Amino acid sequence: MPELPEVETSRRIVLTDLEGHTVERVVVRLPKLFRSSEIPSAESLIGHTVIGARRRAKVLMIDFSGDLTLMVHFKLAGQLSVHHPDGRRATAGHPVPKPDGEYPHKATHVEIWFDDGTVAYFSDIRQFGWFRLMPSENVDAAIDAFGFGPEGTGDERISLEALKKALSRRSIPVKTAILDQSLVAGVGNIYADEALWFARIFPGTPANQLSAVAVRRLWEGIDHALIQGLAQGGATIIHQKAYPVDGFPAVHGREGEPCPRCGTPIQKIEIGTRGTYFCPKCQKRPRPKNGGSASGTEIG
DNA sequence: TGCGTTGTTTCACC
DNA sequence: CGGTGAAACAACGC
């Protein structure tokens with residue numbers, strides 16, 4: 001599922017592969033993806049040139065000449081694949097359609113053709129994503145409306161103090177807390193599991209029960225997991241099964257496989273309605289503070 | 001074929 | 001107002 005690393009990789013593809021190119025033709029096969037677009041027709045892009053690309057949280061923004069910005073959210077299964085006339089391809093996001101397969105795929109809903117024959121294919125097998133075309137001057141307000149918190153990594157990375165403060169106010173499972181985009185932006189189900197595994201924290205631990213040391217490890221874990229995902233251009237997960245590269249992802253999508261750190265089989269449980277993968281040995285539940293003998297406190 | 005899937009919004013409630 | 005938990009929603013593949 002496209003999270004910060006996958007969307008950031010898409011942004012970089014737009015910059016390296018599309019910047020300076022001018023739109024010649026647009027094909028929209030699924031108009032409902034523009035249902036909440038201020039400018040209803042993608043045809044408005046014709047004749048305009050890509051001049052930049054931005055990202056905030058999991059939202060991609062492609063800036064065009066003529067003060068137009070195309071805002072894209074990949075949700076569960078969005079994918080951008082850019083194909084050049086010489087056969088070169090650059091793909092980011094969900095692994096379906098296959099990056100080296102035939103395009104357009106049946107899940108390819110938008111095609112943007114550029115003047116030199118380069119094509120940008122937007123696919124989304126789940127059709128949960130959306131496109132919004134708007135005057136560039138409206139972008140800031142549109143982003144503000146999401147209420148995103150600081151980013152999980154990079155220049156706008158959340159500070160340790162801010163993370164500590166936010167977690168101390170929440171009694172919900174720490175995993176649920178870091179999935180909250182208003183607390184820290186860009187972390188989704190994959191990277192939440194990875195960050196908690198790195199930090200050796202049980203995902204169901206109430207956020208406000210973490211020690212200062214644990215919060216610091218989590219802060220580092222979030223950064224680390226996102227950077228690692230970015231280094232690989234995103235994770236490959238198909239039907240809840242991970243296809244790890246260089247040990248990443250370590251736990252997400254790897255139920256029953258040995259923990260890379262200790263060899264204990266990875267378990268899958270549900271935390272806050274989300275499928276959650278963790279190592280039962282590295283990520284132990286915290287001991288209940290008082291009330292000793294009774295059955296273990298139910299968390300999550 | 002009904003269920004699982006996740007990011008986001010909405011809502012009732014404390 | 002802010003935190004919580006649950007439900008709703010999008011639509012597909014298995």
Side-chain angles (χ1 to χ4, degrees), chain A residues 1-8 10 29-37 55-60 71-79 93-98 101 105-110 122-132 142-149 151-152 162-196 203-210 226 229 234-242 249 252-255 268-277 297-300:
Chain A
M1 313 108 249
E3 306 176 27
L4 185 152
E6 291 78 9
V7 181
E8 176 63 18
S10 302
R29 292 203 178 73
L30 199 59
K32 69 169 183 178
L33 297 181
F34 282 81
R35 60 162 80 88
S36 48
S37 178
R55 180 193 57 78
R56 179 73 170 100
K58 301 169 190 169
V59 178
L60 172 67
M71 202 176 268
V72 185
H73 200 303
F74 289 103
K75 288 287 183 93
L76 275 73
Q79 184 206 78
H94 196 266
V96 178
K98 281 205 200 112
H105 182 269
K106 66 175 177 181
T108 303
H109 308 307
V110 177
F122 289 90
S123 307
D124 183 352
I125 196 153
R126 286 278 176 265
Q127 303 181 18
F128 287 177
W130 49 251
F131 293 78
R132 289 192 199 174
I143 289 295
D144 282 350
F146 287 108
F148 294 130
E151 297 271 315
L163 181 65
K164 200 179 289 182
K165 192 172 171 189
L167 294 178
S168 71
R169 283 190 274 106
R170 311 283 207 116
S171 60
I172 55 176
V174 59
K175 172 168 177 181
T176 308
I178 62 174
L179 286 173
D180 182 345
Q181 301 298 297
S182 70
L183 199 161
V184 54
V187 178
N189 208 25
I190 298 169
Y191 296 92
D193 284 352
E194 294 299 304
L196 289 160
T205 310
N208 57 9
Q209 284 182 24
L210 294 176
L226 293 172
T236 302
I237 312 277
I238 304 176
H239 293 134
Q240 291 86 248
K241 183 176 169 20
H252 189 90
R254 303 187 66 175
E255 184 179 17
K268 184 183 184 188
I269 58 174
E270 188 171 283
I271 301 279
T273 77
R274 294 290 182 263
T276 299
Y277 300 84
T297 34
E298 206 56 51
I299 298 170

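All values below were derived from every heavy atom in this structure, side-chain atoms included, with hydrogens, water molecules and symmetry-related copies excluded. Keep in mind that this is a model prediction, so the values were computed, not measured. Chain letters run A, B, ... following the sequence lines, proteins first, then strands; residues in each count from 1.
The distance from atom CZ of A/R132 to atom C1' of C/dA10 is 15 Å, rounded to the nearest whole Å. At whole-Å resolution of the value, CD1 in A/I172 and C1' in C/dG5 are 10 Å apart. Atom CG of A/D124 and atom C1' of B/dG7 are 12 Å apart (whole Å). Distance A/D180 CG to C/dG3 P: 9 Å, rounded to the nearest Å. A straight line from CZ of A/R169 to C1' of B/dC14 spans 17 Å, rounded to a whole angstrom. One interatomic measurement links the two molecules: NZ of A/K75 to P of B/dT9, which rounds to 7 Å at whole-angstrom precision. Whole-Å rounding puts the A/L183 CG to C/dG3 P distance at 9 Å. Separating the CG atom of A/L179 from the C1' atom of B/dT5 is a distance of 14 Å, rounded to the nearest angstrom.
Across all strands shown, A/S171 has heavy atoms under 4.0 Å from sugar-phosphate atoms exclusively, and none from any base. When heavy atoms are screened at a 4.0 angstrom cut-off, A/K268 is found touching the sugar-phosphate backbone but no base atom.
A close approach under 4.0 Å does not occur between any side-chain nitrogen or oxygen of A/Q127 and OP1 or OP2 of C/dA10. Considering only side-chain N and O atoms, A/K58 lies under 4.0 angstrom from the phosphate OP1 or OP2 of B/dT8. A sub-4.0 Å separation between OP1 or OP2 of B/dG7 and a side-chain N or O of A/H73 is absent. OP1 or OP2 of C/dT4 lies within a sub-4.0 Å distance of a side-chain N or O belonging to A/R170. At the phosphate of B/dT6, neither OP1 nor OP2 sits under 4.0 Å from any side-chain N or O atom of A/T273.
In this structure, CG in A/L30 is found 14.0 Å from CZ in A/F122, a value given to the nearest 0.5 Å.
Side-chain atoms of A/R29 do not come within 3.5 Å of backbone N or O of A/P31 as any donor-acceptor pair. The closest donor-acceptor contact from the side chain of A/Q181 to the backbone of A/L179 lies under 3.5 Å.
DNA chain C is contacted by both A/K106 and A/L76; A/L76 maps to the nucleotide lying nearer its 5′ end (nearest heavy atom per residue). Nearer to the 5' terminus of DNA chain B, by closest-nucleotide assignment, is the contact made by A/R126 (compared with the other of A/R126 and A/Q181).
Residues A/R56 and A/E151 are paired through a salt bridge, judged by an N-O separation under 4.0 Å between the basic side chain and the carboxylate.
For A/R35, taking side-chain heavy atoms from C-beta onward, the closest of the listed nucleotides C/dC12, B/dT9, C/dA10 is C/dA10.
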Evaluate A/L183 against A/L163 for side-chain contact (heavy atoms from CB on, under 4.5 Å), listing each step before the verdict. CA-CA 8 Å; A/L183 199 161; A/L163 181 65; 4.0 Å; yes

